[in-house]
Amino acid sequence: MIFSEKHELLRKLFRRFAETEFTSELLDELEETGDFNWEIHRKMAKYGFMGVKIPVEYGGQGGDSLAYVLLVEEFARVSPVLSIYANTSNSLGSGPILFCGNEEQKKKYLPPIASGEKILVFALTEPGAGSDAGSTLTTAVADGDYFVLNGRKTFISGAPFADYAIVYARTDLKQAGSRGISIFIVDMKLPGVSTGKHEKKMGIIGYPTSDVILDNVKVRKSDLLGPLHRGFTAAMVTLDGGRLGMAAQALGIARGCLEESVKYAKERKQFGKTISNFQGISFMIADMATEIEAARELIYDTAVKKDAGSPESSKRCAMAKLFASEMCNRVAYKAVQIFGGYGYIKEYKVERFYRDARITTIYEGTSQVQQMVISRNLLG
Ligand code: COS
C-alpha cells in the first residue's frame with residue numbers, strides 16, 4: 001500500500017520511539033521481573049500513544065485504524081510486550097465504551113484512558129468460557145440502584161494493575177448462550193473485587209495477567225454499558241477491531257525476526273562463507289519476506305476498508321489475524337532455525353520473539369475461532 005504523508009510520518013514517529021526507548025536494558029528488566037513498567041507507560045502516554053485511536057473529543061488523537069495498526073506493528077517489531085502497553089487502551093479497553101457507552105460514560109472514562117492516567121482492561125474470558133465466550137457464568141443481579149456481580153474472569157491481561165475492568169456478566173438467567181449477557185464497567189477498587197496470582201507465562205512477560213474475582217460486588221446501575229442483556233454484540237464488534245491489532249502485532253514480530261535473520265545470515269560464517277550463501281538459508285529468508293508482505297497488505301487494506309464501513313470487516317479482521325499470526329509463528333520458527341544453537345539462547349532476540357509469537361494464534365480468539373468467523377461469513 002502506498003501511504004499518505006501523514007501515515008508515513010506516524011510510522012516514523014512510532015519506529016523512532018520504539019528504537020530509542022525500548023532499550024535492551026528495559027526489555028531484559030521486563031523479562032526478569034515480569035512486572036509492569038510504569039516509567040515506559042508514562043512515556044508512551046506523554047506522546048499520546050494511549051489514545052491514538054480514541055476520538056479527539058474524548059482526549060485522544062483521533063487516529064484511524066491504519067494509524068493504530070502502525071503503532072502496534074512498529075512497537076512489536078522491537079518489543080511484542082510493549083506493543084501491548086499501547087494496545088489495550090486503543091482497542092479492547094475503549095472499544096466497548098465507544099461502541100455502546102452513553103455520553104456521560106464516554107466523558108467520564110475515555111479521557112483518563114487516553115491520557116494513560118487510568119488503565120482499563122477487558123474481562124470476558126472465564127475458566128469455562130474461552131472460545132465459547134457466550135457461555136459466561138458470571139452473574140449480575142439487579143438490586144436497587146446497583147447490580148451485584150459474582151463470578152471469576154480468567155487470563156485477564158493487565159488486571160493486577162488496572163483501575164477498571166469491562167466485565168461481561170449474565171443478567172438474564174433464563175436465556176442461554178450469548179443472549180442475556182450485559183457489560184459493566186467495574187472499578188477494581190470496589191469491595192469484593194480481587195485478583196488472582198500473576199500467571200507465569202511463556203511470553204509477553206512484563207505485562208502481568210491474572211484472574212479477576214468478583215464476590216458480591218455492587219456496581220452502580222450507571223455503570224451498565226449499553227443495553228441490558230445485549231452486551232455480547234459489543235464484545236464481538238470490539239474483538240473485530242482488536243483482532244486487527246493482534247494481526248499487526250504478529251506482523252511486527254515477524255518483521256523483527258526477519259531483520260535479525262538477515263543480519264545474522266550475512267555475518268555468520270560456516271564452511272568458509274557466510275550462511276547467506278547457502279540456499280537452505282537464503283530460501284528460508286525469501287519465504288519469510290514473502291509471507292510478511294502478504295500479511296502486511298491484508299492488514300493495511302483491512303484497516304482502511306474497516307474505517308470505510310465495509311460489510312466484510314468482521315471476516316477480513318479474522319482473516320488478517322488468522323494469516324498474520326500463523327505466518328508469524330512460521331517466521332519465528334525459521335528465525336530460530338537460522339540462528340541455530342544461538343537462537344535457543346536468551347541473549348538473542350529471536351529466542352524471545354519465538355516465545356512471544358506463540359500467543360498470537362491464541363489470544364483475542366484462537367486461529368480456530370477465526371476460522372469459525374470466516375467460514376460462518378461464507379457459509380452462513
Ligand atoms: N459483529 C456484530 N455482532 C456480532 C458479531 C460481530 N462481529 N459476531 C457475532 N455477533 C452477534 C450475532 O449476530 C449474534 O447476535 P443475536 O444474538 O442478536 O443473534 C450474537 O452476536 C451471537 O453470535 P454467534 O451466534 O455467532 O455466537 P457464538 O456463541 O456462536 O460465538 C464466536 C461466536 C465463537 C465467534 C465467539 O464466541 C468468539 O469470538 N469467541 C472467541 C472469544 C475470544 O476471542 N476470546 C478472547 C478473549 S479476549 S483476549
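Worth saying up front: this structure is predicted, and the values here are computed from it rather than measured. Residue indices begin at 1 and follow the sequence shown. Order of appearance sets the numbers: ligands from 1, and atoms from 1 within every ligand.
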Between side-chain atoms of residues 172-180 and protein atoms elsewhere (two or more places apart, or another chain), which donor-acceptor pairs fall under 3.5 Å?
residue: Asp172; atom: OD1; partner: Lys174; partner atom: N; Å: 3.0
residue: Asp172; atom: OD2; partner: Gln175; partner atom: NE2; Å: 3.0

Check your understanding: Partners of Thr361 by side-chain contact (heavy atoms from CB on, under 4.5 Å), sequence neighbours excluded?
Key ->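 Partners of Thr361 under the side-chain contact (heavy atoms from CB on, under 4.5 Å) test: Ser325, Glu326, Asn329, Arg358, Ser367.
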Review point. Under 3.5 Å, is there a donor-acceptor pair between the Thr274 and Asn277 side chains?
Key: yes
Exercise for review: Classify the ring geometry between Phe22 and Phe75 as parallel (under 30°), tilted (30 to 60°) or perpendicular (over 60°).
Suggested key: perpendicular
Within the protein, flag every N or O under 3.5 Å from an N or O of ligand 1, and note the pair and distance.
residue: ligand 1; atom: 7 (N); partner: Asp240; partner atom: OD2; Å: 2.9
residue: ligand 1; atom: 7 (N); partner: Ser314; partner atom: OG; Å: 3.2
residue: ligand 1; atom: 17 (O); partner: Arg179; partner atom: NE; Å: 2.6
residue: ligand 1; atom: 17 (O); partner: Arg179; partner atom: NH2; Å: 3.2
residue: ligand 1; atom: 18 (O); partner: Arg230; partner atom: NH2; Å: 2.8
residue: ligand 1; atom: 19 (O); partner: Arg179; partner atom: NH2; Å: 2.9
residue: ligand 1; atom: 26 (O); partner: Arg376; partner atom: NH1; Å: 2.8
residue: ligand 1; atom: 30 (O); partner: Arg376; partner atom: NH1; Å: 2.9
residue: ligand 1; atom: 30 (O); partner: Arg376; partner atom: NH2; Å: 3.2
residue: ligand 1; atom: 37 (O); partner: Ser131; partner atom: O; Å: 3.3
residue: ligand 1; atom: 39 (O); partner: Arg243; partner atom: NH2; Å: 3.0
residue: ligand 1; atom: 40 (N); partner: Ser131; partner atom: O; Å: 2.7
residue: ligand 1; atom: 44 (O); partner: Arg243; partner atom: NH2; Å: 2.9
residue: ligand 1; atom: 44 (O); partner: Gly365; partner atom: N; Å: 3.0

Practice item. Write out all pairs satisfying side chain to side chain donor-acceptor pair (under 3.5 Å) with one or both partners inside residues 232-247, taking only residues at least two apart or from two chains. Key: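 Sorted result for residues 232-247: Asp240-Ser314.
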Review point. Are Arg330 and Asp287 ion-paired here, with the side-chain N under 4.0 Å from a carboxylate O?
Key: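 So Arg330 does not pair with Asp287 through a salt bridge.
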